[in-house]
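Throughout, protein chains are lettered first and strands after them, A, B, ... in sequence-line order, and every chain is numbered starting at 1.
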Amino acid sequence: MNVSFSLNYLQKPFFIIFNVTHFSFNQTFTLPPFFHLFLVRFMALKLPQNSLLGSQSDSQRTLYPYVTGTSVVALKYKDRILMAADMGGKIDGPVHMRYKSVERMKPIGKHSLLGASGEISDFQEILRYLNELILYDNMWDDGNSLGPKEVHNYLTRVMYNRRNKFNPLWNSLVLGGVKNGNKYLGTVSMIGVNFKDNHVATGFGNHLAQPILRQEWHENLSFEDGVKLLEKCMRVLLYCDRSAVNKLQIAKITEEGVTIHQPYSLKTYWEFSTFENPAQGAIGSW
Amino acid sequence: MPKEQANWSPYDNNGGSCVAVAGADYCVIAADTRMSTGYNILTRDYSKICKLADKCVMASSGFQADVKALQKHLAARHLIYQHQHNKQMSCPAMAQLLSNTLYYKRFFPYYSFNVLGGLDNEGKGCVFTYDAVGSYEKVGYSSQGSGSTLIMPFLDNQLKSPSPLLLPAQDAVTPLAEAEAIDLVKTVFALASERDIYTGDKLEIVVINADGIRREYMDLRKD
């Protein structure tokens, strides 16, 4: 039996749908008369008090991410930006790397490059928003185009407003670009926290890659040095981040435009003696 | 079906401290430049100070996205005011606007702890201190943010504010000279950086006086 109500509890209307299908297989389950009112009062007490979140559309809101990408690392070098991200899309759980060719970095307009970690479908939604933004910008046909600073600001507003509506886009974004010789690198989190810096990383990259970057980054890195530094960070992430895959892409953005290189793998070293005979020090049945 | 709880919070504390000290003809506003989340440092070079009007500067600590939104909101309102009244907003007027803006979001607050500093219409320094929902007060000095519990008692001791219960009402602005006040503020941040993990990296000091607005920086502990 399905019973639904509208209550003026706390002056906010919400609906309680009382579904009893889990009680029975195929028998009808009838409640005594007016019992449903008692149940509603009982359920109303049990519901969390934070009815700012309460509404029947709760099931439409993002509760947790499903398919996620791991860290993105980016740095400024000479007059350009370098960004790296691996190509894994992991389904929530211990280790289930479902997608191994997810491009998590995309060019935006003429001047910017966006990298995202977090929910892949939300990233695709963000790309749709940005597509529309760039389209309208192009339609002005006035010779001016949105630079990385403007796109970063737009993304910040989008993320913040979604967070205000309690329906966040579950991503940490890295936005880099060059316009008129000025390089720009910024980041936005899921709840709208944003800043720009000489080198940024999302997710695990904040813990593992940023310390390396803080130690070894300097102004006027060459392209080769920048790539070496990024590879160093990505290698550490590969060794230590469970959600990483050994298939990464490096993207470069200069005044001329964006180049996203072909995916490749990093060389890793596993010949440590302990790996060769793991049970050596602890003979046992497993 | 029991309702699922959201496992994310719309708020985060990005830390940092802000201080403002008012003098007879100047106002010093200072904040550190560290932005953190949890036990991590996000960036060492983020300004918490925002110039709202010619003689009015706000420093805010708390949740950075809310702070940014608040600053944008006030800047937009100030622009409208300038178009309508053909003049800059005075510091007490901006103080009232900030209070109203904060209270407007009383039931989903801006997680932003602000101090507003500037010169009033007579050119005397004034400092306004706020909580997250807009209750405010004109004072001679104030501190907000993660280090405020360490800084405020020190300022109370050094600047000996007169009791607000005294009659006739005594002004709380400090008799210190501008250079002495700046020195005091630098000391105060060095003090907070020692024990507060969210305060450090660099100190940004903004001084407003009759000549205009001046900015200086000082290095703080990076640990």
Item to check | Electrostatic pair A/Lys196-B/Asp45, nearest N-O below 4.0 angstrom | outcome: no

Item to check | salt bridge (Lys or Arg N to Asp or Glu O under 4.0 Å) evaluation trace for A/Arg163 with B/Asp12 | outcome: CA-CA 12 Å; A/Arg163 160 263 185 201; B/Asp12 188 15; over 6 Å; no

Next on the checklist: Is it the case that over 12 heavy atoms from other parts of the model lie below 6.0 angstrom from the NZ atom of A/Lys232?
Outcome noted: no

Item to check | Polar contact flag, side-chain donor to acceptor under 3.5 angstrom, B/Lys68-A/Asn153 | outcome: no

Checklist entry - OH of A/Tyr66: more than 12 outside heavy atoms within 6.0 angstrom? => result no

Next on the checklist: Tell me whether B/Tyr11 at atom OH has more than 12 heavy atoms from other residues, nucleotides or ligands lying less than 6.0 Å away.
Outcome noted: yes

Checklist outcome for this item: Cut-off 4.5 Å, heavy atoms of chain A, and the answer for B/Ser9 is backbone

Next on the checklist: Does A/Tyr239 have more than 12 heavy atoms from other residues, nucleotides or ligands lying within 6.0 Å of its OH?
Outcome noted: yes

Item to check | Intermediate values then yes/no, side chain to side chain contact (heavy atoms under 4.5 Å, CB included), B/Ile41 and A/Gln210 | outcome: CA-CA 10 Å; B/Ile41 295 178; A/Gln210 278 280 46; over 6 Å; no

Checklist entry - At a heavy-atom separation under 4.5 Å, does A/Met190 approach chain B through its side chain, its backbone, both, or neither? => result side chain

Checklist entry - Where is the tightest heavy-atom contact between B/Ala65 and A/Val193, given as atom of each residue plus distance? => result CB-N, 3.8 Å

Item to check | Option passing side-chain contact (heavy atoms from CB on, under 4.5 Å) with B/Thr43 (candidates A/Asp197, A/Thr187, A/Asn198) | outcome: A/Asp197

Next on the checklist: Working note: A/Tyr64 + B/Trp8, criterion side chain to side chain contact (heavy atoms under 4.5 Å, CB included); need CA distance, chi angles, decisive distance, verdict.
Outcome noted: CA-CA 8 Å; A/Tyr64 42 82; B/Trp8 65 282; over 6 Å; no

Checklist entry - How long is the gap from CZ on A/Arg157 to NZ on B/Lys72, to the nearest 0.5 Å? => result 5.0 Å

Next on the checklist: Once you measure the plane-to-plane angle for A/Tyr160 and B/Phe63, does it fall in the parallel (<30°), tilted (30-60°) or perpendicular (>60°) bin?
Outcome noted: tilted

Checklist entry - With a 4.5 angstrom heavy-atom cut-off, which part of A/His207 approaches chain B: side chain, backbone, both or neither? => result side chain

Checklist entry - Just wondering, more than 12 heavy atoms not from B/Asn86 lying within 6.0 Å of its CG? => result no

Item to check | Smallest separation among heavy atoms of B/Gln64 and A/Gly192, with atom names | outcome: OE1-O, 4.0 Å

Checklist outcome for this item: Most heavy-atom pairs under 4.5 Å with chain B, out of A/Thr156, A/Asn164, A/Val188, belong to A/Asn164

Next on the checklist: Check this for me: A/Phe204, atom CZ, are more than 12 non-hydrogen atoms of other residues, nucleotides or ligands nearer than 6.0 Å?
Outcome noted: no

Item to check | Side chain / backbone / both / neither for A/Asn194 at chain B, heavy atoms under 4.5 Å | outcome: both

Checklist entry - So which of B/Asn14, B/Asn40, B/Leu42 has the biggest tally of heavy-atom pairs under 4.5 Å with chain A? => result B/Leu42

Next on the checklist: Other residues, nucleotides and ligands only: do more than 12 of their heavy atoms fall within 6.0 Å of CZ on B/Arg77?
Outcome noted: no

